[in-house]
2 protein chains.
Amino acid sequence: MSEKREILVVEDDTALLPMITYNLEKNGFLVKEATNGEEALLLIKEEIPSLAIIDWMIPAPSGLEVCRILRKKKETSKLPIIILSAKGEEEDKVRGLNTGADDYITKPFSPTELMARINSLLRRSTSSSEEIIEFKDISINLNEHKVYRKNKKIHLGPTEYKLLKHFLENPGRVYSREQLLDSVWGHGIYVESRTVDTHIRRLRKAMNVPGTKNFIRTVRAAGYSIDID
Amino acid sequence: MSEKREILVVEDDTALLPMITYNLEKNGFLVKEATNGEEALLLIKEEIPSLAIIDWMIPAPSGLEVCRILRKKKETSKLPIIILSAKGEEEDKVRGLNTGADDYITKPFSPTELMARINSLLRRSTSSSEEIIEFKDISINLNEHKVYRKNKKIHLGPTEYKLLKHFLENPGRVYSREQLLDSVWGHGIYVESRTVDTHIRRLRKAMNVPGTKNFIRTVRAAGYSIDID
DNA sequence: GTTAAATGTCACAAATCTGTAACAAAACTA
DNA sequence: TAGTTTTGTTACAGATTTGTGACATTTAAC
């Protein structure tokens, strides 16, 4: 599949963590690791993953607390979470308490089981009208507002994001600055047409991953377009 | 575009090919089959399909090479292409998309998945209305502001572009320098009428692809026109 | 309230285009 | 053919358009 899937694993057991990571990466996931709750929250603030696997017993804010915090924030309120717990620990409590976790797994568990749970959750969370635009080595996940080039994540400001999206909806088509102002900035909003240049510049810069070349063509006296050659 | 839904399948696996064909036909497509790259190119030259499904590992020119060749030709530069690959490595995928493939499917795949990808691509490719002016070996894509002669891309400055476009809108018609100044440069803009000569010269030069001859006729004491003979 | 991120403008540099003039070549005229 | 007119060709300086980095202001995040 062409879909970008990123998973955060929060686990303080230094023997278990690499194992989980290994299995996830083998299955094509991009993995971020944290060993305590604080670290986890930082990473999530930075970038919201597609799914989080959190151990119940971690230092600092516990898995449960992390869970609660995540649920409170709008951005992460729907983030699929899997809680890991040791057998005999407070299994029922985890399940019974309404922590907001979407699933929980009892240690020890098999890689197969883990993958099954993950896939199940992801299917559920992304099945609702997943929209991805791809063009050459660029891809945009419209649901998550994430942009990738050559499988590397790109951070774009809102305007650059809209610009790129607009270009990709008609690859190759040339848009004048006025047209772009109209469709990206919005009808009736007046800004200098040269502002477009600056944002084009920013978009180019942001998308400039090593090993790629400028993908926006400028058509003198006409405007800009995606380079489709 | 018409509702002619024709798909070319290039696959050397004699077990897989009939399966794909069967599924496509069941969905109302007209299927053409090829088992190697050469055959595929011949079929495409004969008749450009609405979409091509090409296996990565085929004899003669590989899937990617075929892809590249198709992208270079103007007639097929926008033909939607799906690459099939047995290796599921990320690297291959990137390479596939870089080469110009529009989508990429890893074997094994389900008929459902295949159909989903096909429909998605067809929807995309038929939605953008193309404005193209063609005359002999010259063609202008108005949306993309691109000019070709003998399938070679030509770079023109703004004035030359407008000049050419103006000529092609009435092939054969003779325009005086004054008329050209009026319609290409614009009403009320005063420049020496001999400026037209210079731009005609530049246009001729730019369009002078090897194996072609001067396509602008000068009509002494009257003006210029496209040569329609 | 402090920090950070995003936005719109501007000024200057770099790239490209344009109009002209001057001369060469070709076409026409007598 | 010589002379005249028209067009081809080239070079170049000035004009336009675009690239780029910096800055102040606004907006959002925490």
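Per chain, numbering begins at 1; letters A, B, ... match sequence-line order.
- By the 4.5 Å heavy-atom criterion applied to side chains, Arg173(A) and Ser225(A) are not counted as neighbours.
- Residues from residues 170-195 of chain B lying near DNA chain D, meaning a heavy-atom separation below 4.0 Å, are Arg177(B), Arg194(B) in numerical order.
- The interatomic distance linking Asp197(B) (CG) with dC23(C) (C1') rounds to 14 Å, in whole Å.
- Rounded to an integer number of Å, the gap from NZ of Lys162(B) to C1' of dG19(C) is 14 Å.
- Remark: the Arg220(A) side chain and the dT17(D) base include a donor-acceptor N/O pair separated by less than 3.5 Å.
- Residue Val196(B) is out of contact with every strand shown, counting any heavy-atom pair closer than 4.0 Å.
- Here the straight-line distance linking atom CD1 of Ile154(A) with atom CG of Asn208(A) works out to 9.0 Å at 0.5 Å rounding.
- Paired with Tyr224(B) under the rule side-chain hydrogen bond (donor to acceptor under 3.5 Å, both in side chains), one option of Arg217(B), Gln179(B), Arg177(B) passes, and it is Arg177(B).
- In the helix from dG1(C)-dC30(D) to dA30(C)-dT1(D), the end axes, each obtained as the rotation axis mapping the C1' atoms of four pairs onto the next four within a five-pair block, lie 40° apart to the nearest 10 degrees.
- Between the side chain of Arg204(A) and the base of dG19(D), no donor-acceptor pair of N or O atoms lies under 3.5 Å.
- Between Thr159(B) and the phosphate of dT18(C), there is a side-chain N or O to OP1/OP2 separation shorter than 4.0 Å.
- Nearest to the side-chain atoms of Tyr224(B) among the listed nucleotides dG19(D), dG8(D), dG8(C) stands dG8(D).
- Using a 4.5 Å heavy-atom threshold, the side chains of Arg71(B) and Thr76(B) count as separate.
- Taking the side chain as every heavy atom from C-beta outward, Lys26(A) and Asn23(A) approach each other to under 4.5 Å.
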